[in-house]
Structure formats: C-alpha cells, structure tokens
Amino acid sequence: MLETSLTNEPPFIESFERISIDNFPIHALGKEISKEDGIDAMKKYMASRLWFTYRRNFSAIGGTGPTSDQGWGCMLRCAQMLLGEVLLRRHIERHFEWDIEKTSATYERILQMFFDEKDALYSIHQIAQMGVAEGKEVSEWFGPNTAAQVIKKLTIFDEWSNIAVHVALDNILVKEDALTMATTYPSEDAVKLIMENGHVDRTLRSPQPHATSSDWRPLLLMIPLRLGLTSINPCYLSAIQEFFQLPQSVGIIGGRPNHALYFIGISGTKLFYLDPHYCRTKTEKTAKMYGEIQKTSEGEKTGKNDDAFSHLEELEPLPSQTSDVYTKMDDSTYHCQMMLWMEYENVDPSLALAFFCETRQDFDDLCSSLQTKTLPSSSPPMFEFLDKRPKYLPKFEPYTGVSMKIEMKEFDDIGAANVKIDDDFEVLDVQDDEEKIRDPEDFED
C-alpha cells in the first residue's frame, strides 16, 4: 500500500495545455524551453534531475533511531535534491540529461553519495546526525535555513567536489563575504574530527589541509529569505521569474506549510517542483553497486490509483531488470517522470534561493545580473546586495569546520506540524565560541 498522498495539486502535464500554453518560454534552472521545444522538453528536463523521496527500511539512524524518514524528512530530501543538482553540474555538466539505458561511472558515484547508508556522505543518516550536532533531534523538522547550514557543514568533507558553501543571513548578501568563503579551504582539524568519529567513508571525505588559498573553489551560495508574513508577497513574482533565468540558478528549497518542495522552474505564475512525499522501500546497496535486480515491495507494486505516482511502477523495465548481465545501475526510482506545479500564491514565504558558481567569472556574472536585473525587478528587492560588509555587522568568519559554531534559533518553520503559518520562519545566528552576535528577535524582513 502506498503510504502517502503526493499532492493535492493536479499533475502539470494533465493541465498544461488548458491553463499555461500561452506562458512559454519556461525557465528552469537557467535553461529556456520555448514553445517550439514543447512540453515534452520540460518533461524530459524534470526527469533528468535527481529525485530523492522518503524511504523506509534503511538501517536505524544513530543505531537506535528511525528506519524511515516518512513524515519528517521532506526538507532533508529537498536539500539532497538541490545538492544533487550541484554535483551533477560540478562533475558532469550543466543541464545534465538522464539516459534510462546507460549511465557513467561519475554519475553512479554521485548517486552513491546519497544512498540511505550511514557511510554515504550525503545520506539521510549524515544529514540528520549533523542536525543533532546543531541542536536538532533526529526526526525533528528542518526548515530552509537549517537545511542550508547542514549542507554547508557536510560539504567540508567532500574533497572530490571541493565545494565551498556560503549562507547569506538576514536578507543581506555581502559580495566580500562570499568571495572570502570561496577562497578559504577547510582546516586540517576538520578532517581529524571526522577521522576520529568515523562517521563518513574515507573515500568521500578527506579535504586538503589548506586554511586559506587564493584559488577559487566552486561556490554554492544559499540565501534564506522570508518573502511575506502569512503568504508570499505578489510583488516578488517578477524577481522569482528572473531568478530561474539565471545560469547560476540551482533552484529553491521551500514549499507550502508543512510540505517541503524543491522548485526548479517557472512558467507565468506556475512553479514546477519535485516532491519528496512519496515513500519507497530503500533500494539495496548491492543492487545499485553491482547490478542485482532491485526488489520492490508488494505494496509498491499494487499502489492505489489515487496516488499521483501510482503508475510509475509500470515503467518499462530497465536492462538490469531483464538480463543476467549487469548493464547499468538501476536508478529508475531516482528520476521523476511526472511534472507537478503549484501556483505562486500558494508558496510558503519561507524559502531559500540557491546559486552555483563554478568559476570566479560565474560569480562575477551573477553579481552583475543580481544588481542589474533580478533585484530591481521587484520593489522592494528580495534581498540587499552589498559589495563590502558594513561596519555595524560583526566580522565575517568563514566556516572551516572547527573554529566556529552555528547556533540555530528558530521559530516554527515550514516543516513543523500543526503550526501557525505566520510563525514558520527560523533565524540562524552565527556565533563564535565566546560571544553571541545577534539576537533572533532583532531580525527584520
């Protein structure tokens, strides 16, 4: 039996021609899809993004914790999807196209980093336990800010990708701070912490012991925002439309109250998204790594028709499911072949924008576009852009894994069950070991 209903919104593919045919072009993570390209091009693009959903029957988190993230892990899965997009761009190409018949060793390596195993760097286990280190209990809800901070901490141990993550707080992006983060390397002490605790597989987590360097590290820039009080302000629609046109855009983690989603594109007032609220049995690690046939539970084979994804189990079998010879990783459950949308007005105002700048030129181009197009397209702008850090703000200390702590002070956020919508935002304050920098009550939109 399927355990969750994916969404109350109709699948976009069933209503596109009736509602949105006049809203071409579609903009998705910097890619423009024209009317001539057609809706099938958007369907293919969405199917090519990595799709991480609830899973069950994985090993207990922390040894004694939950064996499924259903009901609490939606924002964690959205964080995985965003990070998966970043890794595809980092190691393969921008606008990666999935081929159901074949994969590459690089693609499979990326996907293995998100397995529901305790030794996979970006697994639900690692994300949940990193949240514990920041004051979040396992199975406690994450909001966009918390997810951004946990991503920042985990990427420290990914030497292969060597990504720097900067989280801009208080609705202010300081260019100087982002540059500092992109040219600062994790410290040697951060490596030792992981080695001593043994939390992450050796092949995935040993950053080089550089404290600082003038070399550019590919930068994931995340900006948590609140674009309204109880609902998202209509004035920001044009800015969100501009955001998805940027080549550096890697999506938005947000959703609607109690329902986290990963937004990847827009057409007029309709936002395309991937939804993690679909529970599957954890795929066996050996099946993915060695091509054994993936077993599907009887419940998933006979899902109810009222689930928006019930027909996905009827997809044509992969080669690895019909042959005794291994041909490819069975990754069909990591790509969504449905297109879903929601109206802009239904989006929760608490969200986080994400950009990926692989080179310094990408970053400079992004800063120029933000200043000349994206931010001026709404009044007021979505956030403030500053070249240098104002004197009234504390000195910026780049996160290197050991020298500072991220204190998470939050109101009820998008993930919390049974909360008032006007409270679902969280404030994360950066503090060093001696002095608290900000009081969350001082935060203003």
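Heads up: numbering here begins at 1 and tracks the sequence.
Classification of K270 and E343 as a salt-bridged pair holds, one side-chain N sitting under 4.0 Å from a carboxylate O. With respect to R77 and D116, a salt bridge is recorded, a charged nitrogen being found less than 4.0 Å from a carboxylate O.
Rounded to the nearest 0.5 angstrom, S378 OG and N233 CG are separated by 9.0 Å. The distance from atom CD1 of I26 to atom CD1 of I266, rounded to the nearest 0.5 Å, is 11.0 Å. Interatomic distance, M42 CE to F24 CZ, rounded to the nearest 0.5 Å: 10.0 Å. Of the inter-residue distances, the one linking D362 atom CG with R89 atom CZ reads 9.5 Å to the nearest 0.5 angstrom. With rounding to the nearest 0.5 Å, the separation of CD in E97 from CD1 in I92 is 12.0 Å. Here the straight-line distance linking atom CE of M181 with atom OG1 of T184 works out to 5.5 Å at 0.5 Å rounding.
Inter-residue side-chain proximity for W160 and I110 is flagged as met; some heavy-atom pair is nearer than 4.5 Å. Inter-residue side-chain proximity for L87 and I163 is flagged as met; some heavy-atom pair is nearer than 4.5 Å. Counting only heavy atoms from C-beta outward, the side chains of L271 and Y344 approach each other to under 4.5 Å. Between F363 and L219, some side-chain heavy-atom pair lies under the 4.5 Å cut-off. By the 4.5 Å heavy-atom criterion applied to side chains, M342 and L261 are counted as neighbours. D348 places none of its side-chain heavy atoms less than 4.5 Å from the side chain of I232. Side-chain contact between C336 and L274: present, with at least one pair of heavy atoms (C-beta onward) separated by less than 4.5 Å. Using a 4.5 Å heavy-atom cutoff, the side chains of L154 and Q126 are in contact.
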(request) Test T333 against R55 for side-chain hydrogen bond (donor to acceptor under 3.5 Å, both in side chains), laying out the working first. (result) CA-CA 11 Å; T333 64; R55 296 275 172 167; 2.9 Å; yes
(message) With side-chain contact (heavy atoms from CB on, under 4.5 Å) as the criterion, how do M382 and I240 come out once you've worked through the C-alpha distance, each side chain's angles and the decisive distance to 0.1 Å?
(response) CA-CA 9 Å; M382 289 192 294; I240 296 297; 3.7 Å; yes
(message) side-chain contact (heavy atoms from CB on, under 4.5 Å), that's the test. Do L220 and K152 meet it? Break it down for me.
(response) CA-CA 9 Å; L220 171 58; K152 179 168 75 172; over 6 Å; no
(request) Apply the test side-chain contact (heavy atoms from CB on, under 4.5 Å) to residues L353 and F243: give CA-CA distance (whole Å), side-chain angles for both, the deciding distance (0.1 Å), then the verdict. (result) CA-CA 9 Å; L353 308 179; F243 164 79; 4.0 Å; yes
(request) May I have the step-by-step check of side-chain contact (heavy atoms from CB on, under 4.5 Å) for F142 and W72, ending in yes or no? (result) CA-CA 8 Å; F142 278 26; W72 59 270; over 6 Å; no
(request) Verify ring-ring contact (aromatic ring centres under 6.0 Å, His included) between F114 and F52, making sure each step is shown before the conclusion. (result) CA-CA 9 Å; F114 296 91; F52 298 110; 4.8 Å; yes
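Between the side chain of Q80 and the backbone N or O of Y122, at least one donor-acceptor pair lies under 3.5 Å. No donor-acceptor distance shorter than 3.5 angstrom exists from the side chain of S249 to the backbone of L246, with no hydrogens or angles considered. The backbone N or O of Q70 sits less than 3.5 Å from a side-chain atom of S68, completing a donor-acceptor pair. No donor-acceptor pair under 3.5 Å is formed between the side chain of S161 and the backbone N or O of D158. Looking only at distances, no side-chain donor or acceptor of E242 sits under 3.5 Å from a matching main-chain atom of A239.
The shortest non-hydrogen separation linking S238 to C235 is OG-O, 4.0 Å. Of all non-hydrogen atoms in A60 and G65, the two that sit nearest each other are CB-O, 3.3 Å. Nearest heavy-atom pair, I253 versus A147, reported as atom, atom and distance to 0.1 Å: CD1-CB, 4.1 Å. The two residues D275 and W51 come nearest to each other via the heavy atoms O-NE1, 2.9 Å. Nearest heavy-atom pair across L83 and T155 is CD1-CG2, 4.2 Å. Minimum interatomic distance between M81 and L50 (heavy atoms only, all atoms of both residues): CG-O, 3.4 Å.
Centroid-to-centroid, the aromatic rings of F96 and Y107 come within less than 6.0 Å. In this structure, F58 has its ring center no closer than 6.0 Å to that of F115. The six-membered or imidazole ring of H335 lies near that of W98, with a centre-to-centre distance under 6.0 Å. A centroid separation of 6.0 Å or more is found between the aromatic rings of Y399 and H166. Between Y262 and Y273, the distance from one ring center to the other does not fall under 6.0 angstrom.
Atom CD of E32 has more than 12 neighbouring heavy atoms from other residues, nucleotides or ligands inside a 6.0 Å radius.
Side-chain polar atoms of H277 and T53 form no donor-acceptor pair below 3.5 angstrom.
Here the options are E117, H125, K118, K282, the test is side-chain hydrogen bond (donor to acceptor under 3.5 Å, both in side chains), and the partner is S59; only H125 passes. Paired with F355 under the rule side-chain contact (heavy atoms from CB on, under 4.5 Å), one option of L173, V86, I223 passes, and it is I223.
Under the 6.0 Å distance and 45° angle rule, R217 counts as a cation-pi partner of Y185. Remark: R49 qualifies as a cation-pi partner of Y45 under the 6.0 Å distance and 45° angle criteria applied to the six-membered ring.
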